[in-house]
Engineer: 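The structure that follows is given in the form of structure tokens.
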Amino acid sequence: QAELGKPQRNCYTLPGIDFAYGLYIERTDGGVPEAISHWNTIKPRTHLVREMPRDYIAMNHGALKAGYTTAREYNLYYKVKDIRRKDDENSRFTKRPPKLPADMTYGIRTQSCTPFFDLLHHRYQQLWMEHQRALTTAEQVEKKKKEKVRETHTTFLRKKPLPPKEESFWHLPSLEKV
């Protein structure tokens, strides 16, 4: 029952002073004396002998030599003569790498190193600018070759200028007295 005149508690009581929080693992929890006295190493596992896959090539060869021809006879031969692959055939580490020339290198070739002199003197920028200028001049020459000259009023006047104006002696009657 709730205590009279006090709010009801909605939490658990804490454990005693001697309580240790967390998991207790027997192998590693021995405190300082165990840490100083011995090393806890994991014992090496003994590898189970793995059953190697069947060598169907050798079994088919043997069945053919024995004179079997049907699938049923082959299956019976497989049950009687169960030939397994050898351990070294299945392992990719026991195979020797192919013999290669002594000067052969694997992978991608390294790029030639960039000379610092050219970098410091902006040589690559200058080469690029010259290349761009050559491209623009080549484009301009091609444009001039391709473009037909259009006949405008200005070009027509340059070729055949207008005859000079003759002065007329006629004046407005209102301005004659001046």
Side-chain angles (χ1 to χ4, degrees), residues 21-25 27-29 32 35-36 39-65 69 71 74-75 78 82-178:
Y21 291 94
L23 297 174
Y24 178 74
I25 304 170
R27 187 168 49 102
T28 57
D29 286 351
V32 176
I36 294 173
W39 294 91
N40 288 325
T41 57
I42 300 170
K43 293 176 184 174
R45 291 183 187 175
T46 55
H47 293 288
L48 299 173
V49 178
R50 203 170 50 133
E51 189 174 319
M52 300 305 289
R54 285 179 160 185
D55 191 2
Y56 285 101
I57 297 171
M59 286 193 293
N60 288 345
H61 186 69
L64 193 64
K65 277 188 176 178
T69 54
Y74 268 73
N75 283 333
Y78 293 162
D82 190 20
I83 301 172
R84 299 284 174 171
R85 282 184 166 183
K86 293 176 184 168
D87 199 17
D88 60 337
E89 285 181 15
N90 205 21
S91 175
R92 61 189 172 105
F93 297 110
T94 54
K95 293 179 184 176
R96 290 185 179 181
K99 291 185 179 179
L100 299 171
D103 60 343
M104 183 181 170
T105 55
Y106 288 98
I108 303 169
R109 291 183 189 172
T110 56
Q111 295 178 350
S112 60
C113 61
T114 307
F116 283 102
F117 180 80
D118 291 341
L119 284 175
L120 293 174
H121 289 276
H122 304 290
R123 180 74 182 137
Y124 297 105
Q125 178 190 0
Q126 293 167 0
L127 289 172
W128 184 80
M129 292 293 285
E130 289 172 9
H131 181 67
Q132 292 300 318
R133 285 188 201 113
L135 282 176
T136 52
T137 53
E139 286 176 2
Q140 287 174 355
V141 168
E142 282 184 25
K143 276 187 179 179
K144 285 181 181 178
K145 286 180 182 177
K146 288 181 181 177
E147 287 181 358
K148 294 179 181 177
V149 179
R150 287 189 170 178
E151 195 71 33
T152 61
H153 186 65
T154 310
T155 55
F156 180 74
L157 289 176
R158 282 186 191 145
K159 287 179 184 175
K160 298 177 182 177
L162 291 173
K165 274 189 174 180
E166 294 178 11
E167 273 194 48
S168 65
F169 296 104
W170 180 85
H171 298 289
L172 288 172
S174 60
L175 298 174
E176 282 186 16
K177 292 180 182 177
V178 174

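All figures in this text were calculated on a predicted structure; none of them were measured in a lab.
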Engineer: My understanding is that only residues two or more places apart in sequence, or in another chain, count here; which of them pass side chain to side chain donor-acceptor pair (under 3.5 Å) with D82?
Structural biologist: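 With neighbours one apart ignored, the set is R54, R84.
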Engineer: Just to verify, what does P101 make a side-chain contact (heavy atoms from CB on, under 4.5 Å) with, not counting sequence neighbours?
Structural biologist: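 Partners of P101 by the side-chain contact (heavy atoms from CB on, under 4.5 Å) criterion, ordered by chain and then number, come out as D103, M104.
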Engineer: Test of understanding: with salt bridge (Lys or Arg N to Asp or Glu O under 4.0 Å), list the residues that count as partners of K65, not counting sequence neighbours.
Structural biologist: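 With sequence neighbours excluded, K65 shows a salt bridge (Lys or Arg N to Asp or Glu O under 4.0 Å) to no residue whatsoever.
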Engineer: Give, for atom CE of M59 and atom CG of N75, the distance between the pair rounded to the nearest 0.5 Å.
Structural biologist: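 One finds 10.0 Å between CE of M59 and CG of N75.
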Engineer: Rounded to the nearest 0.5 Å, what's the gap from OH on Y74 to CG on N60? Could you check?
Structural biologist: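 Separation between the atoms: 5.5 Å.
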Engineer: Residues in side chain to side chain donor-acceptor pair (under 3.5 Å) with T69, at least two apart?
Structural biologist: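 Here no residue qualifies.
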Engineer: Of all residues at least two apart in sequence or in a different chain, which pass the side-chain contact (heavy atoms from CB on, under 4.5 Å) check with L162?
Structural biologist: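 With sequence neighbours excluded, L162 shows a side-chain contact (heavy atoms from CB on, under 4.5 Å) to L157, given in chain and number order.
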Engineer: Using the side chain to side chain donor-acceptor pair (under 3.5 Å) criterion, which residues pair with K159? Sequence neighbours excluded.
Structural biologist: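 Here the qualifying residues are E151.
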Engineer: Is it the case that more than 12 heavy atoms not belonging to I57 sit under 6.0 Å from its CD1 atom?
Structural biologist: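 At most 12 heavy atoms, drawn from other residues, nucleotides or ligands, come within 6.0 Å of this atom.
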Engineer: Return all side-chain donor-acceptor pairs below 3.5 angstrom for residues 127-140, not counting sequence neighbours, or 'none' if the list is empty.
Structural biologist:
residue	atom	partner	partner atom	Å
T136	OG1	Q132	O	3.2
T136	OG1	R133	O	2.8
T137	OG1	R133	O	3.1
T137	OG1	A134	O	2.8

Engineer: Could you list the residues that satisfy ring pair (Phe, Tyr, Trp, His ring centres under 6.0 Å) with Y78, not counting sequence neighbours?
Structural biologist: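 Counting only residues at least two positions away or on another chain, Y78 forms a ring pair (Phe, Tyr, Trp, His ring centres under 6.0 Å) with Y56.
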Engineer: Can you list the residues that meet the ring pair (Phe, Tyr, Trp, His ring centres under 6.0 Å) rule with H61, with sequence neighbours excluded?
Structural biologist: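 Not a single residue meets the ring pair (Phe, Tyr, Trp, His ring centres under 6.0 Å) criterion with H61.
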Engineer: Could you point out which residue of K143, K145, K144 forms a side chain to side chain contact (heavy atoms under 4.5 Å, CB included) with V141?
Structural biologist: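 Filter result, single survivor: K145.
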